[in-house]
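Quick note: numbers below take in every heavy atom, side chains included, and nothing from hydrogens, waters or symmetry partners.
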Amino acid sequence: MAGGGGGQQLQVLNALDVAKTQWYHFTAIIIAGMGFFTDAYDLFCISLVTKLLGRIYYYEGDPKRPGSLPPNVAAAVNGVAFCGTLAGQLFFGWLGDKMGRKKVYGMTLMLMVICSVASGLSFGKDPKAVMATLCFFRFWLGFGIGGDYPLSATIMSEYANKKTRGAFIAAVFAMQGFGILAGGMVAIIVSSAFKAKYDVPDYITSPLGSTVPQADYVWRIIVMFGALPAAMTYYWRMKMPETARYTALVAKDAKRAAADMTKVLHMEVEAEQEKVEKMEGNGNQFGLFSKQFLRRHGLHLLGTATTWFLLDIAFYSQNLFQKDIFSAVGWIPPAGTMNAIEEVYRIARAQTLIALCSTVPGYWFTVALIDHIGRFTIQLMGFFFMSVFMFALAIPYNHWKKHDNRIGFVIMYALTFFFANFGPNSTTFIVPAEIFPARLRSTCHGISAAAGKAGAIVGAFGFLYAAQSKDKSKTDPGYPAGIGVKNSLIVLGVCNVLGLLFTFLVPESKGKSLEDASGENEEKEMEAQVSSRTVPV
């Protein structure tokens, strides 16, 4: 499987590389993309209902302030799924290279369906028991979601042709945007229906009456809805054949790879089993912890992992500023002036608007342009503009806080996340699925993605504490004094600059076959030369 695309390249892989865009490409995008739709929905929907959970389970009788989750409970409810995702990315990434992409793909989806439903059925005799059960199932939900990252990216990259591969993988990732939108829309519909049925006064008028007992159904329905799109795609995931690259290059079964791809491509593909055996005979099968891997791909893996880590610190810290922004623009009035269900409606409406205006467009700009301007350029440009906008928000932060300048603040904030999605948030997902050898592709993607989730944990929780006011009397209840929002924004800007620098470790893979991009063709060429020099006379 060497020789610059022609010589020893397996016919089945060459056929995939040069195939015109066909129906099977779109079915693969939808099947893999629905996993991401569900991932985004499940990870995102919890932020819509945390305020409601506080009102229901942590009511303390304060006449002016509704109940809210204590900081440690809020961090656990929001963050436990990230911890599960990190573990799932490493475990299923490794398993995808050991057992095959397809076998593991069904497991992750089943786990997501079961744990989505179980999260909504979290019951207990007291608030602590309910939250503990919810956290337990959210961890395992995250574990399933984690597996979807390396498997979806790897499957899509191995199915795609080399000309439009970037756009196909980006389209799978862009389904996240629709998942976020769906989360907001489901919350709007459910809360509107309950609000119409139970029209109760706001919190200040009636602290107890403002939260009807039926509000407990609202968050459960929203959380459980995530199981539906995942369950709908399970059958199609099971029908998908294993990728030819895994079957031929890792499982060494050229006959099955040819038979599978004959069905998919609707053309006759030759098996070439002897080529596969010859490649195996060459024996260049170095592992992840070998010196050869370190020499060939060590810097690449460092580049993909650090850029994803640094991006996610900035990307997931957005939660910090959303409540400032929403109340600033007047989208969310003070909590005391709303009843429990109305608050869910207002938060969902605000988050849906943000997703619609800045999150979703960025993803699709990447889909449209990635195979024209390349991964490297988009990532570099994205980190550059994110740095610019973060510093522009941070340095004159007091200027933005004035009421007249609030709209400018929102625009700058939206642009930061537009360039995250039309930038490193998409490319850090795409590149690790292209630049590593087939036998280690899923594992390396899992390692890179897990580094990203570690960054997300730092971004979402480290900065939750860091962004608190330096003045202890002005912090949120239960939090210690921090470094303030302005300094937090400066630190985030620095993270983006570092991300820009580490991007230089990542090679460009635009327009190359996966075997060229991962250097597998070079390996085989070198081996062929060595074996031809050592033929006995």
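Under the 4.5 Å side-chain criterion, counting only non-hydrogen atoms from C-beta, Met156 is in contact with Ile29. Residues His300 and Cys444 have side chains not in contact (no heavy-atom distance under 4.5 Å, counting atoms from C-beta outward). Between Leu141 and Leu111, every side-chain heavy-atom pair lies at or beyond the 4.5 Å cut-off. For the pair Phe376 and Val431, the minimum side-chain heavy-atom distance is 4.5 Å or more. Between Met390 and Val494, the closest side-chain pair of non-hydrogen atoms is not below 4.5 Å. Proximity of Met240 to Thr27: side-chain heavy atoms (C-beta onward) are nowhere separated by under 4.5 Å. Residues Ile370 and Ile378 meet the side-chain proximity criterion, which asks for heavy atoms closer than 4.5 Å. The side-chain heavy atoms of Phe36 and Ser152, taken from C-beta on, include a pair separated by under 4.5 Å.
When atom types are taken as modelled, the side chain of Thr304 and the backbone of Val506 share no donor-acceptor pair closer than 3.5 angstrom. Proximity of a side-chain donor or acceptor of Arg220 to a complementary backbone N or O of Ser122 within less than 3.5 Å is detected. Using modelled atom types, no side-chain atom of Ser448 and backbone atom of Pro432 make a donor-acceptor pair closer than 3.5 Å. For the pair Ser317 (side chain) and Ala314 (backbone), a donor-acceptor distance under 3.5 Å is present. Proximity of a side-chain donor or acceptor of Glu343 to a complementary backbone N or O of Met338 within less than 3.5 Å is not detected. Looking at Thr154, its side chain never comes within 3.5 Å of a backbone N or O of Leu151 through a donor-acceptor pair. Remark: the backbone N or O of Ile435 is not paired with any side-chain donor or acceptor of Ser518 at under 3.5 angstrom. Under a 3.5 Å cut-off, the side chain of Trp308 and the backbone N or O of Ile447 do not form any donor-acceptor pair. Using a distance-only test at 3.5 Å, with no hydrogens or angles considered, no donor-acceptor pair links the side chain of Gln22 to the main chain of Tyr24.
A ring-centre distance under 6.0 Å is not found for Phe436 and His445. Ring to ring, Phe418 and Phe389 are not that close: their centroids are 6.0 angstrom or more apart. Between Phe289 and Phe293, the ring center distance fails the sub-6.0 Å criterion.
Judged as a side chain to side chain donor-acceptor pair (under 3.5 Å), and not counting sequence neighbours, Asn487 has no contacts. Qualifying ring pair (Phe, Tyr, Trp, His ring centres under 6.0 Å) partners for Phe137, counting only residues two or more places apart in sequence or in other chains: none. Thr443 pairs by the side chain to side chain donor-acceptor pair (under 3.5 Å) definition with Asp97, not counting sequence neighbours. Judged as a side-chain contact (heavy atoms from CB on, under 4.5 Å), and not counting sequence neighbours, the contacts of Ala414 are Ser358. Here Thr307 pairs with nothing under the side chain to side chain donor-acceptor pair (under 3.5 Å) rule; sequence neighbours left out. Take Arg349 and apply the salt bridge (Lys or Arg N to Asp or Glu O under 4.0 Å) test, not counting sequence neighbours, and it matches no residue. The side-chain contact (heavy atoms from CB on, under 4.5 Å) check on Leu228 picks up Phe225, Met232, with sequence neighbours excluded. Contacts of Arg245 classified as side chain to side chain donor-acceptor pair (under 3.5 Å), with partners at least two apart in sequence or in another chain: Asp17, Glu515.
Interatomic distance, CE of Met185 versus OG1 of Thr352, reported as 6.5 Å (0.5 Å rounding). In this structure, Lys453 NZ and Leu43 CG are separated by 6.5 Å, a value rounded to the nearest 0.5 Å. To the nearest 0.5 angstrom, Leu310 atom CG is 15.0 Å from Phe315 atom CZ. Atoms CG and CD1, from Asn496 and Ile313 in turn, are 9.5 Å apart once rounded to the nearest 0.5 Å. Between atom OG1 of residue Thr366 and atom CG of residue Asn425 there is a gap of 8.5 Å, rounded to the nearest 0.5 Å.
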Please report the C-alpha distance between Phe82 and Ile145 in whole Å, then the side-chain angles of each, then the deciding distance to 0.1 Å, and finally whether the side chain to side chain contact (heavy atoms under 4.5 Å, CB included) criterion is met. CA-CA 9 Å; Phe82 286 145; Ile145 287 171; over 6 Å; no
Does the pair Val77 and Cys135 meet the rule for a side chain to side chain contact (heavy atoms under 4.5 Å, CB included), with working shown? CA-CA 6 Å; Val77 168; Cys135 288; 4.1 Å; yes
As a quick check of understanding, evaluate side chain to side chain contact (heavy atoms under 4.5 Å, CB included) for Phe44 and Gln351, giving each step before the final call. CA-CA 10 Å; Phe44 175 80; Gln351 300 226 25; 3.3 Å; yes
If you apply the rule side chain to side chain contact (heavy atoms under 4.5 Å, CB included), what do you find for Asp312 with Ile457, and how did you get there? CA-CA 8 Å; Asp312 273 7; Ile457 293 164; over 6 Å; no
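Of the residues listed (Val190, Thr50, Leu48, Leu53), the one engaging Trp219 in a side chain to side chain contact (heavy atoms under 4.5 Å, CB included) is Leu53, and it is the only one.
Residue Lys486 places its NZ atom among more than 12 non-hydrogen atoms of other residues, nucleotides or ligands, all under 6.0 Å distant.
Scanning both residues, Leu514 and Glu158, for their nearest heavy atoms gives CD1-CA, 3.9 Å. The shortest non-hydrogen separation linking Phe391 to Gly493 is CZ-C, 3.5 Å. Of all non-hydrogen atoms in Leu86 and Ala454, the two that sit nearest each other are CD1-N, 3.7 Å. Scanning both residues, Ala227 and Val117, for their nearest heavy atoms gives CB-CG2, 3.7 Å. Scanning both residues, Asn78 and Phe461, for their nearest heavy atoms gives C-CZ, 3.8 Å. Closest non-hydrogen pair, Gly96 versus Ser442, comes out as CA-OG, 3.9 Å.
In this pair, Phe422 and Phe365 present their aromatic rings tilted. The plane angle is within the 30 to 60° band. Ring pair Phe143/Phe139 is parallel by interplanar angle, where below 30° counts as parallel and above 60° as perpendicular. Using cut-offs of 30° and 60° on the angle between ring planes, the pair Trp23 and Phe26 is tilted.
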Side-chain donor-acceptor pairs of residues 166-182 under 3.5 Å, sequence neighbours excluded:
{"unit_1": "Gln176", "atom_1": "OE1", "unit_2": "Tyr363", "atom_2": "OH", "d": "3.1"}
{"unit_1": "Gln176", "atom_1": "NE2", "unit_2": "Tyr149", "atom_2": "OH", "d": "3.4"}

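Sorted by first and then second residue, the side chain to side chain donor-acceptor pair (under 3.5 Å) pairs involving residues 426-435 (not counting sequence neighbours) are Arg165-Glu434, Arg375-Glu434, Gln379-Thr427, Glu434-Ser509. Among residues at least two apart or in separate chains, there is no salt bridge (Lys or Arg N to Asp or Glu O under 4.0 Å) pair with a member in residues 175-192. Legend: salt bridge (Lys or Arg N to Asp or Glu O under 4.0 Å) pairs involving residues 140-152, not counting sequence neighbours, sorted by first then second residue: Asp148-Arg237.
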